[in-house]
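To keep things clear, I will list the structure first and then write my remarks on it.
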Protein chains: 2
Amino acid sequence: MAPPAPRTARAVARAELTRAILDSAQAQLAETGPAALSVRAVARDLDMASSAVYRYFATRDALLTALIIEAYDDLGDQVDRAVAERADDDFLGRWRALAHAVRDWAVAHPHQYALTYGSPVPGYAAPTDTVVPGTRVSSALITLLSDAEAAGIRAPQRAHRVPAAEKAAIGPILDHVGRRLSPGYAVRGLATWATLFGHISLELFGHMHQGVLDYDVHFSQVVDQVGADLGLGG
Amino acid sequence: MAPPAPRTARAVARAELTRAILDSAQAQLAETGPAALSVRAVARDLDMASSAVYRYFATRDALLTALIIEAYDDLGDQVDRAVAERADDDFLGRWRALAHAVRDWAVAHPHQYALTYGSPVPGYAAPTDTVVPGTRVSSALITLLSDAEAAGIRAPQRAHRVPAAEKAAIGPILDHVGRRLSPGYAVRGLATWATLFGHISLELFGHMHQGVLDYDVHFSQVVDQVGADLGLGG
DNA sequence: ATTGAAGTGAGAGCACTGCTCTCGTTTCGA
DNA sequence: TCGAAACGAGAGCAGTGCTCTCACTTCAAT
């Protein structure tokens, strides 16, 4: 990770300037979106030569990648915090907290949401650095479902058929999170995931006529419906 | 709309060149995505000066808009054709056809899908020209649900509560399509929509480890599940 | 303490982009 | 027939990502 305590004055300055670049880029991103993110504009904002910025981020994509990682971690923190406020055995409450935390964050940071969970940025292939922080929300969901299943909760609706090949493939993912989950429930969790992000994307990107829907109410109802489908009670 | 029969030789040439520009741009889009779409590259491809292209499309965004409209229409045609192959009273079959047509098209044209239903292109606000073709799939879904409800079909699960404000707001949309649909079923249809596109987006954009999921099987199961939730039988 | 390598910032410059303007030329309708 | 409109080409402007070179500063090993 990051060096624990930068000793030399130069290292401190480097860390600070790196932070300043990220902040400036972040501000640009929040304002005008990822395409408008310009290395030269960041340099202008910080009163430095554009070439100097390249001492800190080798490429524009590298800068974008750093922003994506920060966005993932920001969302991950927010979700973890919201879920932790509920009692461990309040599975419906935990699910509600998770879902609403994701939506609230997405509404508050639409450009970051587009960057992380929207369609990939043009010509930009997510580097491996982003996959670990990118799984934090799904890990939280897996943890939740795993706890619920361990407590004897089962989905009331008929289970999906899970092909043998998938059963074998799902195992390693769960191992990575360190959790146990029946394949059927895991697949159901994936559908839950898709529904959650589908609704958020619809609200953010959908060409919905303004004011047609009270998304607060609508989203709450969908979340509760999904929770019921998962057998979390309510 | 478009002039029905261009008489003069110049008008014909203009139509042909417009078509050629769109084709070249389309090819670039399919290859490298929307960000790489370059007016100059199109001009090079067609052996003309870049300034000449601007006689046909006032701006890069205008060219992109034309491509988006064509994408919407292409998908709309495909969906309409697939749905029309089923008997009018085979509601589950019509729903399956619609859902799979959307997914098949998205998988075959990922960049176009991102352009139309993914996160909006950076700094690009969808002009009003795109809203009509953009509603073709949702219109098809509304038509389907309206037919189903008219045939006495009701969703088996408990109905969502629909605030009065939304009831009033939903009306005009349905009028625009020329259909009747109870507010509860309409909201349920919106959730269906979000689930459908959520799953497709997850398959296309999701940072899913390759080979983890057999999306053919998974998607089919989800579609059938949604169909059952809508009370379409099966 | 000195020296030399590494890190840093600035500036010029390349290749590319979207877009504009001007210039002759062609086409077409009145 | 004549004049307006449309057209294609070229030059040019402002902006971009990125590279290279050049001075200068910091820092660590001698």
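The chains referred to below are lettered A, B, ... by the order of the sequence lines, with proteins before strands, and numbering in each begins at 1.
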| 4.5 Å side-chain heavy-atom contact, His111(A) and Gln26(A) | no
| message | With heavy-atom distances below 4.5 Å as the criterion, would you say the side chains of Tyr72(B) and Gln112(B) are in contact? | response | no
Rounded to the nearest Å, what distance is computed from the [atom1] atom of residue [X] to the [atom2] atom of nucleotide [N]?
X        : N       : atom1 : atom2 : result
Tyr54(B) : dC13(D) : OH    : P     : 17 Å
Arg60(A) : dG15(D) : CZ    : C1'   : 14 Å
Asp47(B) : dG8(D)  : CG    : C1'   : 13 Å
Tyr56(A) : dG17(D) : OH    : P     : 18 Å

Tell me what [X] touches on the nucleic acid: a base, only sugar-phosphate, or nothing, going by heavy atoms under 4.0 Å.
X        : answer
Leu17(B) : sugar-phosphate
Phe57(A) : nothing
Ser50(A) : base
Leu37(B) : sugar-phosphate

| task | State whether Asp45(B) and Arg40(B) are salt-bridged, where the test is any N-O pair (Lys NZ or Arg NE/NH1/NH2 against Asp/Glu carboxylate O) under 4.0 Å. | result |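 No, Asp45(B) and Arg40(B) are not salt-bridged.
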| chain B contact limits on DNA chain C, taken 5' to 3' with a cut-off of 4.0 angstrom to heavy atoms | dT17(C) to dG29(C)
| message | Is the distance between the ring centroids of His199(A) and Tyr215(A) under 6.0 Å? | response |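 Ring centres of His199(A) and Tyr215(A) not closer than 6.0 Å.
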| query | Are Phe197(B) and Phe205(A) near enough that their ring centres are under 6.0 Å apart? | reply |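 No, the ring centres sit 6.0 Å or more apart.
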| note | From the list Arg86(B), Arg136(B), Arg94(B), salt bridge (charged side-chain N to carboxylate O under 4.0 Å, His left out) partner of Asp80(B) resolves to Arg136(B)
| said: Any side-chain to backbone donor/acceptor pair from Ser24(A) onto Ala20(A)? Under 3.5 Å, distance only. | reply: no
| said: Is there a side-chain contact between Arg44(A) and the phosphate of dG15(D), meaning an N or O under 4.0 Å from OP1 or OP2? | reply: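 No, because none of the side-chain N or O atoms of Arg44(A) sits under 4.0 Å from OP1 or OP2 of dG15(D).
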| field | Phosphate OP1/OP2 of dG15(D): any Ser38(A) side-chain N/O under 4.0 Å | value | no
| Pair Tyr117(A)-Ser201(B), side-chain hydrogen bond (donor to acceptor under 3.5 Å, both in side chains): steps then yes or no | CA-CA 9 Å; Tyr117(A) 295 101; Ser201(B) 294; over 6 Å; no
| Quick one: what's the B/S/- string for nucleotides 20-30 of chain D, heavy-atom cutoff under 4.0 Å, read 5' to 3'? | BB---BBSS--
| request: Applying ring-ring contact (aromatic ring centres under 6.0 Å, His included), name anything that partners Trp95(A), two or more places apart in sequence or on another chain. | output: none
